[in-house]
Amino acid sequence: MTAFTSQGCVIKRGDGAGSEVFTTIGEVKGFDGPSGSLTIIDVTALGDSHKRKLPGTIDEGQITMTVNLDTQNAMQAALITDRQAGTLRNFKIEFDDAGSLTAAFAAYVVSITPSASVDNAVEASITLEISGAVTWTP
């Protein structure tokens with residue numbers, strides 16, 4: 001795969017229906033994540049001369065997105081409702097406008113933090129906490 005630009009990347013939220021439909025979250029300016037990591041378990045015994053380790057569970061971490069805050073946007077409003085209700089939702093990141101590289105996962109909305117400053121649009125940082133695996137599709 002060759003390099004590609006960020007333009008065209010989208011984050012979509014699933015509606016939770018049996019034949020799930022994903023809708024693009026509007027006004028996303030950028031995102032970071034998934035920020036997953038593998039837990040390492042130290043199994044070194046007193047008689048060992050070197051550390052011994054085993055892999056533990058994978059924590060897929062979080063995704064944080066920055067949006068132009070728009071409470072009239074149906075998906076942004078739905079994220080606020082999801083956070084208040086503690087609802088686990090399916091999400092999908094499409095990394096290019098052809099939709100060929102995707103990351104699918106379930107997550108909770110854990111925070112929505114608005115910010116404002118002089119000569120800037122009102123933004124919000126929205127953090128999703130991933131539960132379970134991230135499925136990558138090339």
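These numbers come from the heavy atoms of this one structure, side chains and all, not from hydrogens, waters or symmetry mates.
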Quiz item: Taking only residues at least two apart or on different chains, which pairs with a member in residues 109-138 satisfy ring-ring contact (aromatic ring centres under 6.0 Å, His included)?
Solution: Phe95-Trp136
Quiz item: How would you list all residue pairs meeting side chain to side chain donor-acceptor pair (under 3.5 Å) that involve residues 69-79, not counting sequence neighbours?
Solution: none
Practice problem: Please round to the nearest 0.5 Å and tell me the distance separating atom CZ of Arg13 and atom OG1 of Thr23. | Solution: 8.0 Å
Quiz item: Under the 4.5 Å side-chain heavy-atom rule for ILVMFWY, direct or indirect, which residues accompany Ile41?
Solution: Val43, Leu54
Self-check item: By side chain to side chain donor-acceptor pair (under 3.5 Å) - contacts of Asp48 (at least two apart)
Solution: Arg52
Exercise. Mind jotting down which residue pairs meet the ring-ring contact (aromatic ring centres under 6.0 Å, His included) criterion with at least one end in residues 44-73? Sequence neighbours excluded, please.
Key: none
Show me, pair by pair, the donor-acceptor contacts under 3.5 angstrom made by side chains of residues 85-93, not counting sequence neighbours?
{"unit_1": "Arg89", "atom_1": "NE", "unit_2": "Asp82", "atom_2": "OD1", "d": "3.2"}
{"unit_1": "Arg89", "atom_1": "NE", "unit_2": "Asp82", "atom_2": "OD2", "d": "3.4"}
{"unit_1": "Arg89", "atom_1": "NH1", "unit_2": "Asp15", "atom_2": "O", "d": "3.3"}
{"unit_1": "Arg89", "atom_1": "NH2", "unit_2": "Asp82", "atom_2": "OD1", "d": "3.4"}
{"unit_1": "Asn90", "atom_1": "ND2", "unit_2": "Glu20", "atom_2": "OE1", "d": "2.8"}

Quiz item: Do you know the tightest heavy-atom contact between Gly56 and Leu38?
Solution: O-CD1, 3.5 Å
Quiz item: Which residues satisfy the side chain to side chain donor-acceptor pair (under 3.5 Å) test with Ser111, sequence neighbours excluded?
Solution: Thr127
Exercise. Might you point out which heavy atoms bring Val122 and Ala116 nearest each other, and give the distance in Å?
Key: CG2-CB, 4.2 Å
Quiz item: Are Met65 and Ile112 co-members of a hydrophobic cluster defined by side-chain heavy atoms under 4.5 Å apart?
Solution: yes
Quiz prompt | Heavy-atom closest pair, residues Ile25 and Met75 | solution = CA-CB, 3.8 Å
Cut-off 3.5 Å, no hydrogens considered: what does the side-chain donor-acceptor table look like for residues 27-35, sequence neighbours left out?
{"unit_1": "Glu27", "atom_1": "OE1", "unit_2": "Asn68", "atom_2": "ND2", "d": "2.9"}
{"unit_1": "Lys29", "atom_1": "NZ", "unit_2": "Glu123", "atom_2": "OE2", "d": "2.6"}
{"unit_1": "Ser35", "atom_1": "OG", "unit_2": "Gln62", "atom_2": "N", "d": "3.1"}
{"unit_1": "Ser35", "atom_1": "OG", "unit_2": "Gln62", "atom_2": "O", "d": "3.3"}

Practice problem: Name all pairs fulfilling the salt bridge (charged side-chain N to carboxylate O under 4.0 Å, His left out) condition that reach into residues 129-138, sequence neighbours left out, sorted by first residue then second. | Solution: none
Self-check item: Which residues share a side chain to side chain donor-acceptor pair (under 3.5 Å) with Ser37, sequence neighbours left out
Solution: none
